[in-house]
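Throughout, protein chains are lettered first and strands after them, A, B, ... in sequence-line order, and every chain is numbered starting at 1.
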Amino acid sequence: MYQAPRGTQDILPADQPYWRTILQTVERLAQTYGYARIDTPIFEDTSLFERGVGGGTDIVDKEMYSFEDKGGTPITLRPEFTAGVMRAYIEHGMRTWPQPVKLYSTGPIFRYERPQAGRFRQHHQFNVEAIGAQDPALDLEIMSVAWQLYTELGFGGLSFQLNSTGCPQCRPAYLHALKAYYQPHESAVCDDCRRRLQRNPLRVLDCKKESCQAIIAGSPHIIDYLCAECAEHFSRLRHYLDLLGRPYELNHRLVRGLDYYTKTVFEVWASGIGAQNALCGGGRYDGLVEELGGPPTPGVGFASGLERIVLLMKAQDIEPESLGPAPFLLAYQGAEAKDSAVRLVNELRAGGMGAILTFGDRSMKAQLRQANRSGVRFVLIIGPDELAEAQITVRDMAGGAQQRIARADFFAWAKERVL
RNA sequence: GUGAGCGUAGCCGAGAGGUUAAGGCACCUGGUUGUGGCCCAGGAGAUCGUGGGUUCGAUCCCCACCGCUCACCCCA
């Protein structure tokens, strides 16, 4: 028997209200903050991601869905949004638009990983980018989108994590200090960390091994090594956060897996949804557009995982908005009555009123049972009696009260009830 | 890629080495020859994940594979 591929899932009707609620909130917020929607292709040239995300990252090294298309072009299913959006910024000359250009997207993302709670091979993200301004107030704005999104969804108990990763000017000095600090501890540290010190030293700060914790705790903090520009940027961002009374945790160990981040990095953490607790992650990427062949252009953004939002809604018992059932169900008996029912259901729908018809000429009992389960408010019964008198029997499912209404008057009656 | 746990109908879930593999939910039919939710009766639905082995016999024992779940890694 066929199954959905590993790490993918069907979003069944029962779950759609969650998605609908999230997407509606997201779209309303984007409008509120002045972000315009952009949809980029689900796949791009492989080299775009290799360049943008960076060789040496897990995403590029082992998580991309890459293949050659029939023309032999190396293609990759997008493992994140940012690279594709930056490509579009460059390709469409968006530097001639009023800056910053503020864009958002939602859609599927692909990474070849072992699935677990809150992690999938195909998942969906809400992505926000503000390109073309280096103002820390813009970092604040981006963080505010995340803040307001989770607030409006009704989440509690979230933790905002903030750090700065410096820039190409000041980071080397920090990495040097970090390596120097680790030198005497190299034998005490785990195998992974020894490897990280060579490949990607920042990541040692992220290690969860018990044996490494004490060493991490004593390690130097990057914010003590920031250049004047980065330090100023960071302190102004913190000032703005204080201005709005936004609590956050200064996390010296927060480093992110993608190469392109500069200055601000942040994540929002939740509890109760498993080990994969990051609801969103983002930050500033001032070198990325240039790296992809565009002019030097600053940018800041974040992406939030929609599956994780759904998980958290369920964990926190947050009820999504539901569309509800159609108000009418037509039950008929006899071929002639069926003709009349088919006509009436068409008429109601054309008039914008929700109506469902039963199929298969089932017994009245079966039709009412279906009506009960569907949650419709009224059952419209048409049988030989009604036909003979040009009437419709209307049954109110709440109490079971029935009344006969002349066929000619019914449409007006219905409109009054449900529109 | 590594580790652990688990795989019995759409879902949940009992079960013993040996005649027809419980039960509940959901579904269908009937009890009301035109009427739901409760109740009653009945029905349909399972090659007991797959393959091999042990055995007179395996769904239950052994092995392999596949799948699912959680965790590591890493991230949304």
Give me the distance, rounded to whole Å, that separates [N] from [M] when you measure between the [atom1] atoms they each carry.
N: B/G45; M: B/G23; atom1: P; value: 15 Å
N: B/G10; M: B/A44; atom1: P; value: 16 Å
N: B/A14; M: B/G49; atom1: P; value: 15 Å
N: B/U2; M: B/G17; atom1: P; value: 36 Å
N: B/C27; M: B/G34; atom1: P; value: 24 Å
N: B/G15; M: B/A9; atom1: C1'; value: 15 Å
N: B/C38; M: B/A22; atom1: P; value: 26 Å
N: B/G5; M: B/A46; atom1: C1'; value: 24 Å

Starting from [atom2] on [N], measure out to [atom1] on [X] and report it in whole angstrom.
X: A/Leu368; N: B/C38; atom1: CG; atom2: P; value: 14 Å
X: A/Tyr332; N: B/U35; atom1: OH; atom2: C1'; value: 15 Å
X: A/Gln367; N: B/U35; atom1: CD; atom2: P; value: 11 Å
X: A/Arg404; N: B/U35; atom1: CZ; atom2: C1'; value: 13 Å
X: A/Lys62; N: B/G1; atom1: NZ; atom2: P; value: 11 Å
X: A/Asn277; N: B/A76; atom1: CG; atom2: C1'; value: 11 Å
X: A/Trp19; N: B/A76; atom1: CH2; atom2: P; value: 16 Å
X: A/Leu311; N: B/C70; atom1: CG; atom2: C1'; value: 13 Å

Which nucleotide sits closest to the side chain of [X]: [options]?
X: A/Ala275; options: B/C72, B/G36, B/C27; value: B/C72
X: A/Arg6; options: B/U35, B/G67, B/C73; value: B/G67
X: A/Met364; options: B/G34, B/G3, B/A76; value: B/G34

Value rounded to 0.5 Å, distance of [atom1] in [X] from [atom2] in [Y]:
X: A/Leu311; Y: A/Asn277; atom1: CG; atom2: CG; value: 12.0 Å
X: A/Phe359; Y: A/Gln370; atom1: CZ; atom2: CD; value: 9.0 Å
X: A/Asp69; Y: A/Ile75; atom1: CG; atom2: CD1; value: 5.0 Å

Do the numbers put A/Arg171 on top of the ring of A/Tyr225, so that NZ or CZ is under 6.0 Å from the six-membered ring centre and no more than 45° off the axis?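 Judged by the rule (NZ or CZ under 6.0 Å from the ring centre, within 45° of its axis), A/Arg171 is not positioned above A/Tyr225.
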With a 4.0 Å cut-off on heavy atoms, is [X] in touch with a base, just the backbone sugar-phosphate, or nothing at all?
X: A/Ala303; result: sugar-phosphate
X: A/Gln3; result: sugar-phosphate
X: A/Leu279; result: sugar-phosphate
X: A/Ala366; result: sugar-phosphate
X: A/Phe120; result: base
X: A/Gly118; result: base
X: A/Gln122; result: nothing
X: A/Ala398; result: base

Does any nucleotide pair with [N] by Watson-Crick or G-U wobble geometry, both distances under 3.5 Å, and what is it?
N: B/G17; answer: none
N: B/C61; answer: B/G53
N: B/G23; answer: B/C12
N: B/G3; answer: B/C70
N: B/G34; answer: none
N: B/G42; answer: B/C28
N: B/C48; answer: none

[X] vs [N]: side-chain N/O to OP1/OP2 distance below 4.0 Å:
X: A/Gln116; N: B/A71; answer: yes
X: A/Gln276; N: B/C72; answer: yes
X: A/Arg111; N: B/A76; answer: yes
X: A/Ser363; N: B/G30; answer: yes

Check this for me, if you would: do A/Glu291 and A/Arg51 make a salt bridge, where the nitrogen-to-carboxylate-oxygen distance has to be below 4.0 angstrom?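 Yes.
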Would you state whether a donor and an acceptor, one from the side chain of [X] and one from the base of [N], lie under 3.5 Å apart?
X: A/Arg369; N: B/G37; value: no
X: A/Lys365; N: B/G31; value: yes
X: A/Glu63; N: B/G1; value: no
X: A/Arg119; N: B/C73; value: yes
X: A/Gln402; N: B/U35; value: yes

Start with the C-alpha distance between A/Arg238 and A/Asp242, add both sets of side-chain angles, then the distance that settles salt bridge (Lys or Arg N to Asp or Glu O under 4.0 Å), and finish with yes or no. CA-CA 6 Å; A/Arg238 295 178 67 181; A/Asp242 293 341; over 6 Å; no
Between A/Phe67 and A/Phe43, what is the ring plane arrangement, given parallel below 30°, perpendicular above 60°, and tilted in between? perpendicular
Side-chain donor-acceptor contact under 3.5 Å, A/Arg253 with A/Ser219: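 Not at all, the side chains of A/Arg253 and A/Ser219 share no donor-acceptor pair under 3.5 Å.
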Would you check if the distance from the ring center of A/Tyr181 to the ring center of A/His185 is below 6.0 Å? yes
Taking for each residue the nucleotide of RNA chain B with the nearest heavy atom, is it A/Ala401 or A/Arg114 whose nucleotide lies nearer the 5' end? A/Arg114
Starting at the 5' end of RNA chain B and moving along, which residue's nearest nucleotide shows up first, A/Gly282 or A/Arg373? A/Arg373
